[in-house]
S.K.: 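Structure incoming, see below.
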Number of protein chains: 2
Amino acid sequence: MTVLFSRKCEYALQGVLYLAQNRQRGNISAEEIATDLGISQDFISKTLQGLVKVGMIQSNRGKMGGFSLARDPESITLLEIVKIIDGNEAFENCVMGLPQCHSDSPCALHSKWQPLREAAQAMLSSTTVAQFEPSKTEVIFDR
Amino acid sequence: MTVLFSRKCEYALQGVLYLAQNRQRGNISAEEIATDLGISQDFISKTLQGLVKVGMIQSNRGKMGGFSLARDPESITLLEIVKIIDGNEAFENCVMGLPQCHSDSPCALHSKWQPLREAAQAMLSSTTVAQFEPSKTEVIFDR
DNA sequence: TTTAAAACGGACAGGATAATCCGAATAAGA
DNA sequence: TCTTATTCGGATTATCCTGTCCGTTTTAAA
């Protein structure tokens with residue numbers, strides 16, 4: 001079991017954060033990301049392709065190609081990444097899995113879970129990938 | 001995807017809460033639980049059997065048999081149920097799935113996730129199944 | 001123009017979890 | 001004692017998610 005997100009979503013978060021952290025280096029190949037993060041190249045590649053489709057990141061084929069952020073890092077929240085990959089389930093579904101449970105017909109645990117759900121959503125929506133870029137004054141070494 | 005727990009764990013929570021809610025009726029059959037909760041009888045049965053093994057609930061075979069709480073409802077926390085079924089992963093693992101992430105070598109998101117993790121654990125450990133028993137003054141109708 | 005490096009796309013394999021099936025053991029009540 | 005209702009246990013099947021494979025397309029550089 002993962003904690004809260006699917007594996008694919010975990011990789012998407014790791015991958016986009018990696019792109020933010022290495023933004024000044026331009027295109028980053030799936031191979032480099034996969035090697036550095038210790039995950040499957042094919043899988044992270046497919047996952048990032050999904051983010052390319054919705055315009056969050058860019059890709060370039062061919063030699064010297066790779067992935068890079070397509071938008072202002074300030075505008076990309078972690079919540080957006082999660083919702084693209086996993087959808088809204090983690091924030092909408094009942095924590096006990098009861099299909100009838102909603103705010104208008106809450107399960108026995110609903111009121112206790114609600115603040116946690118909201119806190120998680122608030123954290124993810126207030127965190128942008130810009131917060132993971134290296135600071136501008138920091139010296140960056142080439143690989 | 002489930003929210004935070006495995007299906008099996010969700011069913012365990014639902015099942016034990018059902019036993020608490022119907023405690024004064026004695027043995028409750030897996031068939032009744034499954035029908036009322038709209039889930040698989042075989043699956044909830046196996047799941048509850050696991051809780052019998054660790055002494056949290058009791059079972060009785062044969063006619064008029066079924067399941068019931070084996071301990072004081074005040075002593076059974078939701079966290080205990082979760083840990084029996086799903087273990088500690090949801091409270092220990094990195095929310096982004098990074099295997100190296102621990103409090104001593106935290107990932108970029110660690111400090112932001114930590115309070116949520118702790119809040120969830122606090123909620124689950126402070127909630128006992130006794131809180132789901134029908135109030136003593138409430139009139140209970142037989143089925 | 002050739003070569004190498006990269007994303008892309010589709011199909012397929014593997015594994016874990018979820019769910020089902022069925023027979024055996026057990027116990028209550030007629 | 002017989003029948004019925006129940007848990008128990010093992011085996012099997014189904015499903016979804018994860019991961020792999022491989023050929024195609026694209027592009028930069030030699």
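Below, chains carry the letters A, B, ... as their sequence lines are ordered, and counting in each starts from 1. No experiment lies behind these values; they were computed from the predicted model shown.
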S.K.: Taking atom P of dC8(C) as reference, at what distance in whole Å does atom CD of Glu31(A) sit?
M.R.: 16 Å

S.K.: Run the side chain to side chain contact (heavy atoms under 4.5 Å, CB included) check on Leu13(B) and Leu109(A) step by step: do they pass?
M.R.: CA-CA 10 Å; Leu13(B) 290 167; Leu109(A) 217 58; 5.6 Å; no

S.K.: Looking at residues 48-66 of chain A, who's got a heavy atom less than 4.0 Å off DNA chain D?
M.R.: Arg61(A), Gly62(A), Lys63(A), Met64(A)

S.K.: Return yes if a side-chain donor-acceptor contact under 3.5 Å exists between Glu118(A) and Gln114(A), otherwise no.
M.R.: yes

S.K.: Base, sugar-phosphate alone, or nothing: which one does Ser45(A) contact when heavy atoms must sit under 4.0 Å apart?
M.R.: nothing

S.K.: Taking Ser105(A) for its side chain and Gln100(A) for its backbone only, find out whether a donor-acceptor pair lies under 3.5 Å.
M.R.: yes

S.K.: Measure CG/Asn27(A) against P/dT27(D) and give the value in whole Å, please.
M.R.: 12 Å

S.K.: With a 4.0 Å cut-off, would you call Glu80(A) and Lys83(A) a salt bridge?
M.R.: no

S.K.: Under 3.5 Å, side chain of Arg117(A) to main-chain N/O of Cys94(A), donor-acceptor pair present?
M.R.: no

S.K.: Answer yes or no: does a side-chain N or O of Tyr11(B) lie under 4.0 Å from OP1 or OP2 of dA18(C)?
M.R.: no

S.K.: Kindly indicate, with the supporting measurements, whether the criterion side chain to side chain contact (heavy atoms under 4.5 Å, CB included) is fulfilled by Tyr18(A) and Leu48(A).
M.R.: CA-CA 12 Å; Tyr18(A) 191 93; Leu48(A) 292 180; over 6 Å; no

S.K.: With DNA chain D as reference, determine whether Phe43(A) or Gln41(B) sits nearer its 5' end, using the nearest nucleotide of each.
M.R.: Gln41(B)

S.K.: Counting distance only, does the side-chain N/O of Asp86(B) pair as donor-acceptor with the main-chain N or O of Ser6(B) below 3.5 Å?
M.R.: yes

S.K.: Could you encode protein contacts along nucleotides 10-17 of chain C as a string, one character per nucleotide from 5' to 3', using B for base contact, S for sugar-phosphate-only contact and - for no contact, with a heavy-atom cut-off of under 4.0 Å?
M.R.: BB------

S.K.: Among the candidates dA19(C), dC8(D), dT20(D), find the nucleotide nearest to the side-chain atoms of Ser40(A).
M.R.: dT20(D)

S.K.: May I have the distance from Ile44(B) (atom CD1) to dT20(C) (atom C1'), rounded to whole angstrom?
M.R.: 15 Å

S.K.: Expressed as a whole number of angstroms, how long is the span from Ile39(B):CD1 to dA19(C):P?
M.R.: 9 Å

S.K.: Pairing donors with acceptors under 3.5 angstrom, does anything connect the side chains of Ser45(A) and Gln49(A)?
M.R.: yes

S.K.: Please figure out whether Ala30(B) or Thr2(A) has its closest DNA chain D nucleotide nearer the 5' end.
M.R.: Ala30(B)

S.K.: Take the protein atom CD of Glu32(A) and the nucleotide atom C1' of dA7(C), then report the distance between them rounded to whole Å.
M.R.: 15 Å

S.K.: Tell me if a side-chain donor or acceptor on Asn27(B) pairs with a main-chain N or O of Gly65(B) at a distance below 3.5 Å.
M.R.: no

